[in-house]
Amino acid sequence: MKVQGALRLRASLSARIVLLFLGLLLVVQGLSFMAIRAGIDHNARAAIADELAVGERVLTRVLAQNAQRLTEGATLLAADYGFRAAVNSNDAATIGSVLANHGERIGASVTALLDPEFKLRAAAQPDLQELLPVTRRLAARVLASRHASEIVVIGDRPFQLVMVPMRAPVVVGWVLMGFPIDQRLLDDMHALSSVQVSLQVRSDALSPWHTAVSTLPLATRETLEKQAALALDRAGAASSAATSVSLADNEYSGRCVLLAEHDGAAVSALLLRSVDDAVAPYRQLQLALAGLTLLGVLGFGIGSVLTARHVTTPLRRLAAAAERLRGGDYDTPLRGLGRGDEFGELAQAFERMRVSIGEQQQEILDLAYRDPLTGLPNRLQFRNAVRDAIAAAEAAGRTVSVIMLDLDRFKHVNDVLGYRFGDLLLRRVAERLTLQVLRGNDLVARLGGDEFAVLLADLDPETDLSLTLSVAQRIGQAFDGALTLEDQTVDTSASLGVANWPLHAGDADVLLSRAEVAMYGAKRRTTGPMVYDAALDAASSQTLSLLTELRHAVDHDELRLYLQPKLALGSARVVGAEALVRWQHPRRGLLPPMEFIPFAEQTGFIRVLTLWVFDQAAQLWKRQHESGQRLTLSVNLSTRDLLDLELPQKFEALLIRHAVPAEAFCLEITESAIMDDPQRAQATLDRLSGLGFRLSIDDFGTGYSSLAYLKRLPVDELKIDKSFVLSMEKDLDDARIVRSTIDLAHGLGLTVVAEGVENAQVWDLLRELSCDEAQGYHMGKPMPAAEFSRWATGWTTRHAMSLTPGKGLDIAITLH
Amino acid sequence: MRSVPTPLAALAVTLALAAPASRAAGVVATVTDAAGRPLADAVVMLEPTGAKLPVKPLAGVEIAQRSRAFQPALTVVTVGTPVSFPNFDTVRHHVYSFSPAKTFELKLYAGVPSTPVVFDKPGAAVLGCNIHDRMSAWVLVVDTPHYARSGTDGRARIDGVSPGSYRLRAWHAGLVPGQEPAPQPLTVGTADLDSRVALPVSAP
């Protein structure tokens, strides 16, 4: 995701920079291009308009000059003395020849002499009648300005006529001369102004315009005539009008100049300027500009790409660095730290962050992989080490062993001597353990609590197990015996389990769990280090599904209530029974308590079992009570029960529900159960005692509880552990312990119950020692509740009287 | 510089000569132009309706060319008067006249031509110079002793006119040929007469 983000960043940022630059450039270029184009357009039009205006002036000027030239020629003729003499002599033949001669001399095509009254006197051309209207017009003007010129149409051709006076020295006549306006004149004009000129003439108002002379090629003549006619009609009587003409794919801007119009006959000059020709130089300019723009875009593009790279490269580096950090690489230093700009600062900050995070990461790793108390690797690191060792061993054809170790009774040490002492002990254990491991690549770890583990890597497959076992035994011996810490001497021992890869497990996790299984097996048997055995694991795997099955058992009535009788030693009477639970497993048959009680204690399910037993006991007591029996039923409470603050309420509810008195029940608690959390245990016990329950200390003598402590508890009864009773008839020490315990208990006002009475001698001995009650196979094993009445009847009839001679029985109870 | 008699002086001489001939009356003609303004340099002539009066050619009449101009621009002479054309300029002149009254030309010359030009027919002759187009002068040749030239006030006084029947004609250089007004009949008694003549010319 970060990589994508980085890509997007790069793509968008670079692209944005490049696009921005290019966009701005294009906008600027586009605007200037448009401005230039508009300017060119404007200029071209203005230039064309100017050229046409110039053309018009040039045309006017050329015509004026022509007229001037003509006028001068005519003036010369008029001033010629001989001519004047001839005129005055009225010599018609001479006059005619002079006119012709002179006309030829200056290229005039019309030469005539008028009398002062403007009547034609003589002419070089035979028929000039159509000139008469013209001469009249000229006469009117010539009187005012001494000479006059005019453009006229004669026979569909435009002519320029001039009239000058002949003076001798007063006006004695008028000389009239005319020139056709011909191609030469227009060519001159075209050469001067680069404007095409076409003279359009019309002999009268009804005739069509036609082209008399033109600088345009003949091929366009027809089109020209049509378009010119349209343009001229539009222009109408205006002396000068703008127009446009399209000839042979060439656009022309034009100007119609009306040169002369008299009585419908008209001469117009059509000045034309090719738009394409006018724009051509600008086109070159535009092409050059376009080329420049292209170069600019190219240059800008390259520049902006480089700039974008300059900006995004450090960003990419940072993104890549961040990605490396995410991937856990804290060791690769950042590049680009030397830049002096903001990116350099950012990179430096990033670099500092990398170093700092790396250090913190190292600390975190230390915390994660190291046990702070002992400084040993923790479970996590140990597991990784095992995994690595297995991988290495697999490659090298070697094996790996794990020894797992658990301190026995550490909990009690902690409870009795305090946690500080417990911690010291753990540290000392860690030191000892480390000392026992001789090989360099072996690893000692604290897995948690009082659990340690040793990794023996790179073992020879031939000798691995024996080597492992010898190490384990060495460790075991090192822990056997007393340990003195701060003037306290503690007896330590450890249970060790051994497992080997590939012998017992295929991978690290299984290997660890197998070692653990072996360790628990060793703990149970207390026979020194134990190597993993598949049989151990079968049991352990059975327990895994036990919880589900136990729940099922409760719900489906698979549990059975068993009773073991408690008898009064004095009267041999059955005074009570200990309520026990058995499990009628649908497949495995009747299961002994050891198969599920420890498990239930471990998981807390024992509370359900306790309630179940108490509920069953209460019902049983009710039934027995109704049938006349007065038995005290004992129910075992576990540590969990004692820690359950709601237990008294639950028991009370059951009492109420079954309408039974609390005094009918004795609750048995083991010493160790109380010692786990003495304060809470005492609170629970106080409340139970307050409810009226009798309380009994079970398995007395195995724990660390002192009588002084017991005295503070609301206890009524003490059950001597069977380990003291079993062989007390042979072991004098045991007998002494039993006797003193009985004496002490009696001294404290407690009833004493002996467990494990398996023969008559013990029975007798206990009776002699004034023990109050006894329990054991000698009298009766735990039996289904249904059989208890029958057994009690049988017992009473068999032994009651004989066992209690002299003391006398209170009552012989009758059982069904 | 030589003293040259002006046409006016000559006229004065003529009038002076005519006066004692008989008891004569004076005719004053006021000449106006087409707009009714007094017209100067018009020549007024009285021609008897009957027999022509005898005229004597004038003597010593000169039309000089000075500063590329004829001086005077208007000379009134009687028929048969020889006119001399002294050239006072450093350039030569070519004086000519195509007028029917007197056609002549004095080809490029300098100084005084050897022979004067005799104006032997009545009428107006316009003189020009073929070298200098702008030069022009008029010579009015009259065939009567009674003529006068109007002043700036347009008045022309003819003295010493014997009683009788006359035609009053007026001439001006600006008259277009053929547009001269018809002569006015005028009967002269012993008393002075006032007459008005309007000429279709526009004052310069």
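Numbers restart at 1 for each chain; the letters A, B, ... are given by sequence-line order, proteins then strands.
The nearest pair of heavy atoms linking A:A79 to B:D133 is CB-OD2, 3.9 Å.
Relative orientation of the A:Y81 and B:H94 rings is tilted, given thresholds of 30° and 60° on the angle between their planes.
Between B:F98 and A:V87, the closest side-chain pair of non-hydrogen atoms is not below 4.5 Å.
Within a 6.0 Å radius of CZ in A:R69, more than 12 heavy atoms belonging to other residues, nucleotides or ligands are found. More than 12 heavy atoms of other residues, nucleotides or ligands lie within 6.0 Å of CZ in A:R202, so this atom counts as buried by the packing criterion. The local environment of CZ in A:R61 is sparse, with at most 12 non-hydrogen atoms from other residues, nucleotides or ligands closer than 6.0 Å.
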